[in-house]
Amino acid sequence: MPEIRVAHSPDSDDAFMFYALAAGKIDTGDRVYVHELADIESLNARALKGELEVTAVSIHAYAYLHERYALLPHGASLGDGYGPRIVAPDPVSDPYSALNDRVVAIPGERTSATLALKLFRPDVRTVVVPFDEIEDHVLERRSDAGLLIHEGQLTYADRGLHLWLDLGAWWKQRTGLPLPLGGNVVRKDLGPDLIRAISHDLRESIVYALRHRAPALAHAQRYARGMNESRTDTFVAMYVNDYTVDYGPTGREAVQRFLDEGAACGHIPEVKAEFVDD
């Protein structure tokens, strides 16, 4: 059996869900997984080239990957009433109007955070900045506002930044659905038997972490970028939950709604989400 490259972001929630696979806590038979870590926009770009057998990607980017990759039913990151946050040095009362002629630092053109931002304000002006440099970019006034993903969603106020809008809360109020941010995809050319086995292994890894929370959190803490244990636990709970074990009908509806709205606004091609059947 050849090695299977599985790639994900170097953040605490992904580290938590892949803990059991990385630490050899579950039986994967003759399947050998090699873990690769990179920021989500880099993973999106590598998936566009078909380089990886299994990888985390933005749901936004999936619109351009669907011919080569299918969505695994396990490992999703959905924000149920919370999500990427627009922040700035100064508070505002009307975030939509506040974005008039303002430049927002975004973590990548094909991140789901960016698609959500463009659904909120289609004519928004943006500049791409590495996700872990956005706070500095905004504080130094090189951009007017920043779009935060990962742990920055919890820590921005520590640096004196103000919340303009939580896009997950905005989406939930508007649609009644969680905001689909990231998912894991598998390359279709691996064949149905291996794909089902990979899907099973990923689910087992997530379930193991949820059942053995303390050691999984200790592993995740290594990727928490300055957060204390309490905040790491909070962040992991936000993005590793029942939807992560399986999208379920609501999660799948949310993915399709997000893709449909992105296509209706002309931001992405029309796509029918394809999920692996266990």
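- Within the 3.5 Å criterion, the main-chain N or O of Val240 finds no donor-acceptor partner in the side chain of Asp13.
- Rounded to the nearest 0.5 angstrom, Asp193 CG and Ile198 CD1 are separated by 11.0 Å.
- Judged by distance alone, with hydrogens and angles left aside, the side-chain atoms of Asn184 form a donor-acceptor pair with the main-chain N or O of Gly75 at under 3.5 Å.
- Seen from the ring of Phe275, Arg252 counts as a face-on cation partner, given the 6.0 Å and 45° thresholds.
- A donor-acceptor pair under 3.5 Å is absent between the side-chain atoms of Thr126 and the main chain of Ala105, judged by distance alone.
- Arg121 pairs by the side chain to side chain contact (heavy atoms under 4.5 Å, CB included) definition with Tyr96, Leu99, Asn100, Asp123, Val124, not counting sequence neighbours.
- Residues that satisfy the side chain to side chain contact (heavy atoms under 4.5 Å, CB included) test with Arg102, not counting sequence neighbours, are Asp144, Trp164.
- Counting only heavy atoms from C-beta outward, the side chains of Ile134 and Pro107 approach each other to under 4.5 Å.
- One finds a salt bridge joining Lys172 and Asp80 here, because a Lys/Arg side-chain nitrogen approaches an Asp/Glu carboxylate oxygen to under 4.0 Å.
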Checking ring-ring contact (aromatic ring centres under 6.0 Å, His included) for the pair Phe235/Tyr239: CA distance, chi angles, key distance, verdict?
CA-CA 7 Å; Phe235 182 74; Tyr239 291 112; 5.4 Å; yes
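- Side chain of Arg85 to backbone of Leu148: no donor-acceptor contact under 3.5 angstrom is found.
- The number of heavy atoms from other shown groups lying within 6.0 Å of CD (Glu140) is above 12.
- Taking every heavy atom of both residues into account, Leu72 and Ser199 meet most closely at CD2-CB, 3.7 Å.
- Closest non-hydrogen pair, Thr250 versus Pro178, comes out as CG2-CD, 3.8 Å.
- Annotation: side chain of Val128 is in contact with side chain of Glu109 (closest heavy-atom distance under 4.5 Å).
- Within 6.0 Å of CG on Asp136 lie more than 12 heavy atoms contributed by other residues, nucleotides or ligands.
- Judged by distance alone, with hydrogens and angles left aside, the side-chain atoms of Arg187 form a donor-acceptor pair with the main-chain N or O of Gly50 at under 3.5 Å.
- Put simply, the side chain of Val127 does not reach to within 4.5 Å of the side chain of Ile106, judged on heavy atoms.
- Of the possible polar contacts, none joining the Tyr64 side chain to the Leu48 backbone as a donor-acceptor pair under 3.5 Å is found.
- Glu51 is linked by a side-chain hydrogen bond (donor to acceptor under 3.5 Å, both in side chains) to Arg46, counting only residues two or more places apart in sequence or in another chain.
- A pairwise comparison of heavy atoms in Val255 and Ala273 identifies CG1-CB, 4.0 Å as the closest pair.
- Proximity of a side-chain donor or acceptor of Glu53 to a complementary backbone N or O of Arg5 within less than 3.5 Å is detected.
- Side chains of Asp158 and Thr155: no donor on one and acceptor on the other come within 3.5 Å.
- For the residue pair Thr28 / Asp201, no side-chain donor-acceptor distance below 3.5 Å is found, with atom types taken as modelled.
- Gln256 contributes no side-chain N or O that, together with a main-chain N or O of Glu253, makes up a donor-acceptor pair within less than 3.5 Å.
- Thr232 contributes no side-chain N or O that, together with a main-chain N or O of Ala224, makes up a donor-acceptor pair within less than 3.5 Å.
- Defined by atom type and a distance below 3.5 Å, a donor-acceptor pair is missing between the side-chain atoms of Ser12 and Gln221.
- A single hydrophobic cluster is not seen to contain both Leu177 and Val245; linkage of ILVMFWY side chains at heavy-atom distances under 4.5 Å, directly or through other members, places them apart.
- Two residues are said to be in side-chain contact when any heavy atoms from C-beta on lie closer than 4.5 Å; Ile268 and His60 meet this criterion.
- The distance from the CD atom of Gln173 to the CH2 atom of Trp171 is 13.0 Å, given to the nearest 0.5 Å.
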Test log, rule ring-ring contact (aromatic ring centres under 6.0 Å, His included), inputs His219 and Phe16:
CA-CA 7 Å; His219 174 76; Phe16 182 91; 9.2 Å; no
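- Within the 3.5 Å criterion, the main-chain N or O of Asn241 finds a donor-acceptor partner in the side chain of Thr244.
- His212 and Tyr208 have parallel rings, their planes meeting at less than 30° on a 0 to 90° scale where 60° marks the start of perpendicular.
- Other residues, nucleotides and ligands contribute at most 12 non-hydrogen atoms within 6.0 Å of the NE2 atom of His200.
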